[in-house]
Amino acid sequence: MKLTGESKILLSILLATVAIIGSAIFLFNKPVAPTKPIAREELVTPDSFATGNASASAYLVEFSDFQCPACRAFMPVVDELITKYSDKLLFVYRHYPLSQHAFAKPAAMAAEAAGEQGKFWEMSKLLFENQDRFSSSLWENLADELKLDRTKFDADLTYADLQSKIDRDETTAIRLRLPGTPSFFLNGIQLTLTGPDDLKKAVEEAVQ
Amino acid sequence: MRNRLIFILSLVGIAIAIYVLQSFLRDAPIVCLNSGCEIVRKSPASKLFGFPVPGYGLVGYAILAILAFLRTTSTKLNKQLLPWIVGIASGGVAFVGWFTYTELFVIRGVCTWCAVSAVNMVTIAAIAWVEYRKIDGIRHPRPDRGSSS
């Protein structure tokens, strides 16, 4: 095969590209320091909804979005862990409503509004179960299903303090550079999971 | 010049495909403008016949780069390989079109790198078509209706 002038130019472009990308990989691929645990106070905020044993040494924090299908997929395992290790584990729910989910923030507000009447976990469960039916009128139906005080619930849906709480959680998630939802922290360490079974395994190891 | 551009854009496509594919294979997070890349990466819909979609992009872009290079080696190959580039790039456009639809309506998340790659493939196809029409026009010139014999 005879190389023409143009062939040589293309080969030069190829070599230059390989050199640039190779240098970039070499420069930016410095050894990563072991992940430091995030301080418990930053993850376990006093006003966040938590269940389990508050004095347990193991704590699991989930950043979740009610409109996220993956979060719904993790829900049965999370429920199982909460029930099974209620005395050995503290579970904390933090909001991370993703911008591409139009109903994520209203759903989070609905959960918080239900939480004002002591039904956060019940509303969370209903929200995940009804994820495919999300609409602006759904929250009221779910509130009725939980027999909530509708006047208070409707008022709380726009309560600024609850909105600030969700915004604060979202800011924390962004600051922690979370790649998406669900994101889990076990004893302050962010978990890299390929599925719900990985979560189960990690928590079971931590509580033993 | 147009072939050189096709070659460069194919290299850009290869670089993007390698970056995204390694994150699929290593299960590592993707640096992205939004959270869409992670949503797409974790979705089963981003695999075709059990293999990650960026793998197909890598193969397509690699073939385009090789063909664009081979065109420069002889006048004969320059003409013979252009229809192949047009065909593969057009197939690439159909592929990115299908995947963009999947992202929007099945996965419900848009990966920035996939969007850049889609634009890249459309650009390559457009350049290839312009080149093909130009060469085809030279081979089969339109009869000049106004001239007398």
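In what follows, every chain begins at residue 1, and chains take the letters A, B, ... in the order their sequences are listed.
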Please classify the contact between [X] and chain B as side chain, backbone, both or neither, with a heavy-atom cut-off of under 4.5 Å.
X: A/Thr17; answer: side chain
X: A/Leu178; answer: neither
X: A/Leu10; answer: both

Give a yes or no on this: more than 12 heavy atoms of other residues, nucleotides or ligands lie within 6.0 Å of atom [atom1] of [X].
X: B/Trp98; atom1: CH2; answer: yes
X: A/Trp121; atom1: CH2; answer: yes
X: A/Arg177; atom1: CZ; answer: no
X: A/Phe49; atom1: CZ; answer: yes

B/Ile18/A/Ile21 under side chain to side chain contact (heavy atoms under 4.5 Å, CB included): CA gap, chis, key distance, verdict
CA-CA 11 Å; B/Ile18 288 175; A/Ile21 293 175; over 6 Å; no
Pair B/Arg4, A/Ile13 - check side chain to side chain contact (heavy atoms under 4.5 Å, CB included), show working.
CA-CA 9 Å; B/Arg4 198 185 292 178; A/Ile13 292 169; 3.9 Å; yes
Value rounded to 0.5 Å, distance of CG in A/Leu14 from CG in B/Leu11:
5.5 Å
I need the B/Phe69 CZ to A/Ile9 CD1 distance, nearest 0.5 Å.
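Going from CZ on B/Phe69 over to CD1 on A/Ile9, the span is 11.5 Å.
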Would you name the heavy atoms of A/Gln100 and B/Arg108 that are closest together and state the gap between them?
CG-O, 4.2 Å
Determine whether a donor-acceptor pair (N or O, by modelled atom type, separation under 3.5 Å) exists between the side chain of A/Ser7 and the backbone of B/Thr72.
yes
